[in-house]
Amino acid sequence: MELIYKSTRNSNETATASMAILKGLANEGGLFVPDSIPSLDVSLEELSKMDYREVAYSIMKLMLTDFTEEELKYCINSAYDKKFDTDEIAPLVKKNGAYYLELFHGATIAFKDMALSILPYLLTTSAKKNNVKNEIVILTATSGDTGKAALAGFADVPGTKIIVFYPKNGVSPIQEKQMVTQKGDNTFVVGITGNFDDAQTGVKKMFSDVELNKYLADNGYQFSSANSINIGRLVPQMVYYAYAYSRLVASGEIKVGDKINVVVPTGNFGNILAAYYVREMGIPINKFICASNENKVLFDFFTTGSYDRNRQFILTTSPSMDILISSNLERLIYRIAGNDATKNKELMSELNSNGKYTITDEMKKNLVDFYGNYASEAETSATIKKVYESDNYIMDTHTAVAAAVYDKYVADTGDKTPTVIASTASPYKFTRSVMNSIDANYDKQTDFELVDELNRLSNVKVPQAIEDIRTAPVRHNTVCDKEDMLKEVKNFLGI
């Protein structure tokens, strides 16, 4: 049965999976969502005997129904190959009373690789399926990790160009170096004098500008997105939660049908939404534990039912979560409103005009399986030190936010359900913050001295992604005001 995608803001706007991937964003700023979530057609027992690629096919064939088996397997096998430094793709490591799902073994050492390794293949296959002749311009805002993962995925892919905007003073030194040293004649990286929300708002504005999109088409281009607003990003993220469950069954840690909890360090809400979607397919997930840093807009939402971005924006040591407008939350709002595009559009209009909205009591009842909390900077740092000392395991700052919130969840509820924590980045990506958490005296060392010290402490090989940027020349040094983003896009495209 073909799955149709609808806009969260207009139920009359529909698309096939491939068209939704190509467009990225629906009209009127809406997001594409499946009109229903199909049930798994393999048993959990069968799933436990599959490798990562086989699990990926089992999930994705149900969500991307206009792709043939040959097309989908080509995309999956091209993505999940030697780019990953472990055959498992996403290993599950038991530490400190939980199971850490290591999502950072790809080319750019962050969880974004899990989806952005396959998105270029899904996108170019979609273009062929729909006879698209325009060059596809990937337009993306990043809070640190999406940018590099998208750049690496799309570099020199024929028929595409990629433009990434990032907050100039809002990413880690390693994250910035990864982006500004990116090779590829079709790549363009711009730092903006604003925060991530400014970058994301600017990108969304260009997507929904009808005149601009016509102008692009007249010049042989069309926009698409590599952010998690693109359903082609979200569907591959569903896979690793199903895979984590299958590993727990395969290793005898749980029995088929037992429930698990998942903890996700959350900024834009895509990663935790993927877990919610895969539960709808039949993976037994009990609680979705949403972990925020000091930009705790989601914690406040789950506590009160009110979403309010009118607050101070805080730069933290977990910059990929420094977000006040969680775009993918809109997909959940649409769902808990009973797939009511009119109600959802009304709430998003309030967010746009007043910076806040409040859901109904009826909608709030549908959030019973979500738990929100946050970790302060001090708590995040203390968690890194504690787990290093107890388990000789070094985690990055985002994973530490999740681990700290999980401790709070257990203290609040006493729930001892086996729990998977999404470990979203390698500690090598945030060496200074990580090493300072272990010992403040490390702050005197340079970034790459810290890399070598982290290697000594952890006995984990320095990832190739870090070795590659030690001496790499800067290739992108454009910085602009947030008001000038469109101008830079036109400059790059020569239009």
Side-chain angles (χ1 to χ4, degrees), residues 81-96 98-114 117 144-145 147-149 151-152 171-183 265 316-320 377 380-404 421-474:
D81 59 8
K82 295 298 180 190
K83 289 189 285 295
F84 289 80
D85 64 18
T86 166
D87 289 339
E88 278 194 277
I89 307 296
L92 203 59
V93 179
K94 190 175 185 180
K95 298 287 180 185
N96 194 41
Y99 301 91
Y100 287 81
L101 181 61
E102 293 188 343
L103 300 172
F104 52 76
H105 289 278
T108 76
I109 57 176
F111 84 98
K112 308 295 172 77
D113 288 322
M114 304 300 295
S117 293
D145 287 336
K148 175 59 184 179
L151 288 160
V171 300
S172 80
I174 297 284
Q175 284 177 312
E176 182 171 48
K177 190 91 188 281
Q178 281 189 297
M179 287 188 283
V180 298
T181 57
Q182 176 66 48
K183 296 176 183 173
T316 72
T317 55
S318 47
S320 298
E377 287 289 86
T380 302
S381 184
T383 300
I384 292 172
K385 185 178 176 72
K386 180 190 86 169
V387 176
Y388 168 64
E389 291 177 345
S390 67
D391 289 62
N392 198 31
Y393 184 68
I394 301 179
M395 64 181 71
D396 92 295
T397 45
H398 303 74
T399 307
V401 167
I421 295 177
S423 183
T424 53
S426 164
Y428 281 102
K429 206 152 193 172
F430 304 94
T431 44
R432 187 163 300 280
S433 299
V434 168
M435 297 302 283
N436 283 350
S437 298
I438 292 169
D439 186 338
N441 289 322
Y442 281 125
D443 205 34
K444 301 182 182 79
Q445 298 187 9
T446 67
D447 286 321
F448 284 103
E449 285 172 341
L450 290 173
V451 164
D452 294 329
E453 187 63 12
L454 175 55
N455 170 240
R456 188 184 69 77
L457 284 189
S458 66
N459 287 318
V460 173
K461 185 171 179 265
V462 177
Q464 193 58 44
I466 298 296
E467 295 294 4
D468 287 346
I469 62 171
R470 278 187 195 262
T471 56
V474 171

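We number each residue from 1, following the sequence as shown.
Heavy atoms only, all atoms of each residue included: A402 and P265 are closest at CB-CD, 3.8 Å. The two atoms that bring K148 and Q182 nearest to each other are NZ-OE1, 2.6 Å, heavy atoms only. For the pair K461 and Y428, the tightest heavy-atom approach, listed with the atom from each and the gap, is O-CE1, 3.7 Å. Residue S390 comes nearest to N96 through the heavy atom pair OG-OD1, 4.1 Å, listed as atom of the first residue, atom of the second, then distance. Taking every heavy atom of both residues into account, E102 and Y393 meet most closely at OE2-OH, 2.7 Å. Nearest heavy atoms, D452 versus R470: OD1-NH2, 2.8 Å.
Using modelled atom types, no side-chain atom of K94 and backbone atom of Y99 make a donor-acceptor pair closer than 3.5 Å. With hydrogens and angles disregarded, no donor-acceptor distance shorter than 3.5 Å links the side chain of Q178 to the backbone of I469. A donor-acceptor pair under 3.5 Å links the side-chain atoms of D396 to the main chain of T399, judged by distance alone. Judged by distance alone, the side chain of N455 and the main-chain N or O of V460 form a donor-acceptor pair under 3.5 Å. Listed for the D443 side chain is no donor-acceptor partner under 3.5 Å among the backbone atoms of N436. At distances below 3.5 Å, not a single donor-acceptor pair connects side-chain atoms of K112 with backbone N or O atoms of A149. Between the side chain of H398 and the backbone N or O of A425, no donor-acceptor pair lies under 3.5 Å.
Using a 4.5 Å heavy-atom threshold, the side chains of D87 and K82 count as touching. Counting only heavy atoms from C-beta outward, the side chains of L457 and Y442 approach each other to under 4.5 Å. Side-chain contact check for S320 versus T424: every heavy-atom pair is 4.5 Å or farther apart. Here the side chains of P463 and S426 are in contact, with some heavy-atom distance below 4.5 Å. Counting heavy atoms from C-beta outward, M114 and F84 have side chains that approach closer than 4.5 Å. Looking only at side-chain heavy atoms (C-beta outward), F430 and Q175 come within less than 4.5 Å of each other.
Taking OG1 of T446 as the reference point, atom CZ of R432 lies at 7.0 Å (rounded to 0.5 Å). The structure places OG1 of T108 at 9.5 Å from CG of L151, a figure rounded to the nearest 0.5 Å. Summarising the geometry, atom CD1 belonging to I109 is positioned 9.0 Å from atom CZ belonging to F104; distances are rounded to the nearest 0.5 Å. Here E377 contributes atom CD and S318 contributes atom OG; the two are 6.0 Å apart, rounded to the nearest 0.5 Å. To the nearest 0.5 Å, atom NZ of residue K386 and atom CE of residue M395 are 8.0 Å apart. Here the CE-CD distance, from M435 to E453, works out to 5.0 Å after rounding to the nearest 0.5 Å.
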Chi angles and distances behind the side chain to side chain contact (heavy atoms under 4.5 Å, CB included) call for F448, I466: CA-CA 9 Å; F448 284 103; I466 298 296; 4.0 Å; yes
Trace of the side chain to side chain contact (heavy atoms under 4.5 Å, CB included) decision for I89 with H105: CA-CA 7 Å; I89 307 296; H105 289 278; over 6 Å; no
Residue pair I394, I438: steps toward the side chain to side chain contact (heavy atoms under 4.5 Å, CB included) verdict: CA-CA 9 Å; I394 301 179; I438 292 169; 4.0 Å; yes
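Electrostatic pairing of K429 and D145 counts as a salt bridge here, judged by a charged N lying under 4.0 Å from a carboxylate O.
Tested against T397, the residues S437, S433, S381 include a single side chain to side chain contact (heavy atoms under 4.5 Å, CB included) partner, S433.
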